[in-house]
Amino acid sequence: MRALFRLFGKPTLDSPLTLAWLGALWLGLFSNWPLWQRMLALPELANGGGRVFILVFAGMVTAVLGALLSLFAWPRLIKPALAVMLLSAAALAHFMGSYGTVIDPTMVVNILQTDVRESRDLLSIGLLLSLSMLALLPIAWLWKRKLHAHPWPGRLGRNLLAFAAGLVLAVGLALSCFADLASTMRNNKSLRYMISPVNLYYSLGSVLAAKRAEPKGPPEVIGADAKLAPREAGAKPRLLLLVVGETARSANFSLNGYGQPTNPELAKADVLSFRKVSSCGTSTAASLPCMFSPLGREAFLEQKRPQETLMDVLQRAGLAVLWLDNQSGCKGICERVPNAMAAQPVKGAAPLPAGLCDGEECLDGALVQGLDERLAALDPERVARGVVLVMHQMGSHGPAYYKRSPADRKPFQPECKSNALQQCERQAVVNAYDNSIAYADWLLARGIDWLKTKSDRFDTALLYASDHGESLGENNLYLHGLPYSMAPKEQTHIPMILWLPEASSQALKLKSGCLKSRLDQPFSHDQLFHTVLGYSGVQSQVYRSDWDILAGCR
Ligand SMILES: [Zn+2]
């Protein structure tokens, strides 16, 4: 002990190094409570040996945090450094503890792409409570400490020694339980993304590194040869309404066998609902670019340089395209084609009905307002060749599901009116979610109604696919965004619905009854790009007929 004191100096509260290690202890033991809770619940650790392992693991986490904080143990630096770590760890503890989410690079991309109104939905009493107990309390204590300035060479030496000591301690602890450590981390990959707040800094670092490594300049051109197949004499141009859903999971669609009648309108509309469709990612940021890419999930994940999207290829082929958004934007997909926000007034159209928008946020009903005028505003020469209109929904974006449906379209009651989902009965959370699904059902039916009014000029179709699913409390998981390999099927099993009237089916020369026989065939977002090209009659090297759901029925 005396040797230790000689090395580091007596541990008094006026020493930055002491504060660093106290901070590490607080972060390791308290701010990481969701990690300890998750580990305590693992069946393989529910014995004496398992409990000891959790203690050793807590020691490792604390030692690593102590090592890191030792580098910041300077009189002017330690307080702000600890404040940042305590605040971020407290916020993470709230989200990981409440929603069962983990913080990996994809989640950090989601966080960075979240806009103000989306993040406002996440503010809650729970978050404030977590911030005050886990961060403000220790920060208040910390700020009162008067730190003495020691000569810097000695301080640097001590800090480096403490850094090394922390690492040696962590490695020693890891070696002492290596077998348990290896098997626990292998079987529960999500644990590594729960070690807070290093999970955040690590993920942030790898996202920024990937961003820097990305080549500058315009995206790689795809489908440079895209052109429209010559239209047969007398055939009409094709109009496709492509609706990109948000956070809708297949399991809650009554079309796919769900118990609550969430699809009353589509049930009457003669649609094809594909029942075994999986998403590309578990978040908007991961799925959306992949849905509009020709590569398919596997190659998309390997892709180094950003590519153009489906929208660019359709436009290059000569079609009229429009991206209509009611969310935080198209994540770069629609940059080079006509696009508009649903809240933006349409020239010449009646103003949006009262109650649809509250200034900055609109219900999805705004997407189907003024469509005639939006169509009329597109280049008429292109329109004469065909149209692809994309609608990007707010859909079932959580946790404030109750905000996603208007007061007069809430068939399922009682509904959870809070964004702190754990405070509601589970059924009330599900009801609020199902109301948003029923509203999407209503929206798609209005889309079909509108397409029917265009059938004299166009052959029409509606294709709907959600970007990813959602956890609604199964296994204490909420929301979405878990790493794909460990995500439950609720987050990846998505609805995909096609409405194709007889005239369009004939124009495409589809074998009657063929698509119906494919409803239980496994599909994924991989098929989206190629099915849209196939429907629209776009010919290009980039098109794969084996990934075109319609081509298999010609
Ligand atoms: Zn999404």
Contact check, side chains of [X] and [Y], non-hydrogen atoms, under 4.5 Å:
{"X": "Met311", "Y": "Trp323", "result": "yes"}
{"X": "Leu375", "Y": "Trp450", "result": "yes"}
{"X": "Leu319", "Y": "Arg382", "result": "no"}
{"X": "Leu444", "Y": "Glu265", "result": "no"}
{"X": "Asp104", "Y": "Val108", "result": "no"}
{"X": "Pro294", "Y": "His530", "result": "yes"}
{"X": "Glu308", "Y": "Pro219", "result": "yes"}
{"X": "Tyr478", "Y": "Thr101", "result": "no"}

Keeping [X] on the side-chain end and [Y] on the backbone end, is there a donor-acceptor pair under 3.5 Å?
{"X": "Arg409", "Y": "Tyr439", "answer": "no"}
{"X": "Thr247", "Y": "Gly469", "answer": "no"}
{"X": "Arg426", "Y": "Leu472", "answer": "yes"}
{"X": "Ser455", "Y": "Lys452", "answer": "yes"}
{"X": "Ser293", "Y": "Pro289", "answer": "no"}
{"X": "Ser471", "Y": "Glu474", "answer": "no"}
{"X": "Arg316", "Y": "Ile222", "answer": "yes"}
{"X": "Gln303", "Y": "Arg305", "answer": "yes"}
{"X": "Gln527", "Y": "Ser524", "answer": "yes"}
{"X": "Tyr401", "Y": "Ser418", "answer": "no"}

Output the distance between atom [atom1] ([X]) and atom [atom2] ([Y]), rounded to the nearest 0.5 Å.
{"X": "His480", "Y": "Thr492", "atom1": "NE2", "atom2": "OG1", "answer": "13.0 Å"}
{"X": "Cys280", "Y": "Leu288", "atom1": "SG", "atom2": "CG", "answer": "10.5 Å"}
{"X": "Arg231", "Y": "Asp459", "atom1": "CZ", "atom2": "CG", "answer": "9.0 Å"}
{"X": "His94", "Y": "Leu131", "atom1": "NE2", "atom2": "CG", "answer": "8.5 Å"}
{"X": "Ile103", "Y": "Ser203", "atom1": "CD1", "atom2": "OG", "answer": "7.5 Å"}

What are the two closest non-hydrogen atoms of [X] and [Y], and how far apart are they?
{"X": "Gln260", "Y": "Phe412", "value": "OE1-CD2, 3.0 Å"}
{"X": "Pro105", "Y": "Tyr193", "value": "CD-CE2, 4.2 Å"}
{"X": "Ser466", "Y": "Tyr464", "value": "CB-OH, 4.2 Å"}
{"X": "Val388", "Y": "Ser536", "value": "CG2-OG, 3.6 Å"}
{"X": "Ala465", "Y": "Met496", "value": "CB-CG, 4.2 Å"}
{"X": "Asn339", "Y": "Cys334", "value": "ND2-O, 3.1 Å"}

Can Glu415 and Val429 be said to form a side chain to side chain contact (heavy atoms under 4.5 Å, CB included), step by step? CA-CA 6 Å; Glu415 179 190 59; Val429 173; over 6 Å; no
Heavy atoms from other residues, nucleotides or ligands near [atom1] of [X] exceed 12 (cutoff 6.0 Å):
{"X": "Glu220", "atom1": "CD", "answer": "yes"}
{"X": "Asn476", "atom1": "CG", "answer": "no"}
{"X": "Lys417", "atom1": "NZ", "answer": "yes"}
{"X": "Gln413", "atom1": "CD", "answer": "yes"}
{"X": "Asp270", "atom1": "CG", "answer": "no"}

Using the side-chain hydrogen bond (donor to acceptor under 3.5 Å, both in side chains) rule, take Thr460 and Lys454 through it: C-alpha gap first, then chi angles, then the decisive distance, then the call. CA-CA 8 Å; Thr460 58; Lys454 299 287 158 283; over 6 Å; no
Verify side-chain hydrogen bond (donor to acceptor under 3.5 Å, both in side chains) between Asn110 and Ser283, making sure each step is shown before the conclusion. CA-CA 7 Å; Asn110 296 333; Ser283 66; 3.1 Å; yes
Verdict with reasoning, Ser190 to Met486, per side chain to side chain contact (heavy atoms under 4.5 Å, CB included): CA-CA 7 Å; Ser190 64; Met486 59 185 84; 3.0 Å; yes
Just to verify, which of Asn475, Leu482, Thr282 counts as forming a side chain to side chain contact (heavy atoms under 4.5 Å, CB included) with Pro488?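 Only match with Pro488 under side chain to side chain contact (heavy atoms under 4.5 Å, CB included): Leu482.
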With no hydrogens and no angle check, do the side chains of Thr262 and Asn252 hold a donor and an acceptor under 3.5 Å apart?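 There is no such pair (donor and acceptor under 3.5 Å, judged by atom type) between the side chains of Thr262 and Asn252.
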Would Asp520 and Arg275 count as a salt bridge (Lys or Arg N to Asp or Glu O under 4.0 Å) here? Give the steps. CA-CA 6 Å; Asp520 278 317; Arg275 288 182 282 255; 2.9 Å; yes
Against His468, only a single residue in Gln491, Arg249, Glu246 fulfils side chain to side chain donor-acceptor pair (under 3.5 Å); can you say which?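 The side chain to side chain donor-acceptor pair (under 3.5 Å) with His468 is passed solely by Glu246 among Gln491, Arg249, Glu246.
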Under the side-chain hydrogen bond (donor to acceptor under 3.5 Å, both in side chains) criterion, do Gln539 and Asp225 qualify, and how do the steps go? CA-CA 8 Å; Gln539 297 176 327; Asp225 59 338; over 6 Å; no
Solution key, residues 390-400 side-chain donor-acceptor pairs under 3.5 Å, sequence neighbours excluded:
residue: His392; atom: ND1; partner: Asp325; partner atom: OD2; Å: 2.9
residue: His392; atom: ND1; partner: Gly329; partner atom: O; Å: 3.4
residue: His392; atom: NE2; partner: Gln327; partner atom: NE2; Å: 3.3
residue: Gln393; atom: NE2; partner: Asp364; partner atom: OD2; Å: 3.1
residue: Ser396; atom: OG; partner: Ser436; partner atom: OG; Å: 2.8
residue: His397; atom: NE2; partner: Glu118; partner atom: OE2; Å: 3.4

Is the shortest side-chain N to carboxylate O distance from Asp312 to Arg336 below 4.0 Å?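 So Asp312 pairs with Arg336 through a salt bridge.
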Before giving the answer on salt bridge (Lys or Arg N to Asp or Glu O under 4.0 Å), spell out for Glu361 and Arg404 the whole-Å C-alpha distance, their side-chain angles and the decisive distance to 0.1 Å. CA-CA 10 Å; Glu361 192 166 306; Arg404 307 293 165 238; 3.1 Å; yes
For Leu498 and Leu515, run side chain to side chain contact (heavy atoms under 4.5 Å, CB included): C-alpha distance rounded to whole Å, both residues' side-chain angles, the deciding distance at 0.1 Å, then the answer. CA-CA 10 Å; Leu498 176 67; Leu515 283 173; 4.0 Å; yes
Decide side chain to side chain contact (heavy atoms under 4.5 Å, CB included) for Leu550 and Leu510; before the verdict, give the C-alpha distance in whole Å, the side-chain angles of both, and the deciding distance to 0.1 Å. CA-CA 7 Å; Leu550 302 173; Leu510 298 184; 4.1 Å; yes
Centres of the Phe253 and Tyr258 rings: under 6.0 Å?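 No - the distance between ring centres of Phe253 and Tyr258 does not fall below the 6.0 Å cut-off.
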